[in-house]
Amino acid sequence: MRMAKPDRLARLDAQREDLETEYRDTLIVALEKTASGSLGLFDRSPDRRVRAAIAPTVDALNEMGADIDAMRDRLMLERFALHHDFFAARGPVSASAIGEQKEARLWLERLRPVGPA
């Protein structure tokens with residue numbers, strides 16, 4: 001028996017919400033490590049070892065972000081802003097820009113809920 005389209009869309013939306021939560025949680029863990037001194041998340045180091053160490057996390061975020069965007073497209077929702085904002089923040093910056101640790105702390109402030117839950 002075929003599932004009705006509204007049921008499929010509701011299930012897809014629930015999967016999207018779960019994946020967005022997983023993305024956010026993965027990003028927060030990576031930001032916490034960066035805020036504690038583990039560099040590479042913002043891709044500002046030319047050191048291959050630094051890039052290699054963070055690559056699995058970056059790849060996972062990229063894959064989840066692409067999957068979320070595909071789901072959002074099917075649901076006629078806007079792109080997943082958190083993913084696009086984060087990846088836009090990665091890469092080379094001017095010498096006067098804040099460091100990765102400070103940037104990670106700013107991102108954590110933005111992502112963590114404020115006040116009592």
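- Using a 4.5 Å heavy-atom cutoff, the side chains of M71 and R74 are not in contact.
- L19 and L111 fall within the same hydrophobic cluster, where Ile, Leu, Val, Met, Phe, Trp and Tyr residues are linked whenever their side-chain heavy atoms come under 4.5 Å apart, directly or through other members.
- Considering only heavy atoms from C-beta on, V58 comes within 4.5 Å of F87 through its side chain.
- The local environment of CD in E63 is sparse, with at most 12 non-hydrogen atoms from other residues, nucleotides or ligands closer than 6.0 Å.
- In R51, the CZ atom is crowded: over 12 heavy atoms of neighbouring residues, nucleotides or ligands sit closer than 6.0 Å.
- The heavy-atom pair separating L75 from L9 by the smallest distance is CD2-O, 3.6 Å.
- R90 places a side-chain N or O within 3.5 Å of a backbone atom of L41 that can act as its donor or acceptor partner.
- Clustering ILVMFWY residues whenever any of their side-chain heavy atoms sit less than 4.5 angstrom apart, transitively, puts I98 in a cluster other than the one holding L108.
- Under a hydrophobic clustering in which Ile, Leu, Val, Met, Phe, Trp and Tyr are joined whenever their side-chain heavy atoms come within less than 4.5 Å, directly or via other members, L82 and I54 fall into the same cluster.
- At least one side-chain heavy atom of D13 sits less than 4.5 Å from a side-chain heavy atom of L77.
- Two residues are said to be in side-chain contact when any heavy atoms from C-beta on lie closer than 4.5 Å; F42 and L31 meet this criterion.
- Residues A89 and W107 come closest through the heavy atom pair CB-CZ2, 3.9 Å.
- Proximity of E109 to L106: side-chain heavy atoms (C-beta onward) are separated by under 4.5 Å at one or more points.
- A side-chain donor-acceptor contact under 3.5 Å links E100 to the backbone of G40.
- Taking both residues in full, the closest heavy atoms of N62 and H83 are given as OD1-CE1, 3.3 Å, listed atom of the first, atom of the second, then distance.
- Residues R110 and D85 form a side-chain contact, since some pair of their non-hydrogen atoms from C-beta on lies under 4.5 Å apart.
- Of all non-hydrogen atoms in T57 and T26, the two that sit nearest each other are CG2-CG2, 4.5 Å.
- Atom NZ of K33 is separated from atom CG of L39 by 13.5 Å, given to the nearest 0.5 angstrom.
- R72 and F80 make their closest contact through CD-N, 3.6 Å (heavy atoms, listed as atom of the first residue, atom of the second, distance).
- In this structure, R16 and I68 approach most closely via the heavy-atom pair CG-CG2, 4.4 Å.
- Residues R79 and D73 have side chains not in contact (no heavy-atom distance under 4.5 Å, counting atoms from C-beta outward).
- E22 contributes atom CD, which lies 9.5 Å from atom CG of L61 (distance to the nearest 0.5 angstrom).
- Between E20 atom CD and E17 atom CD the span is 7.5 Å, to the nearest 0.5 Å.
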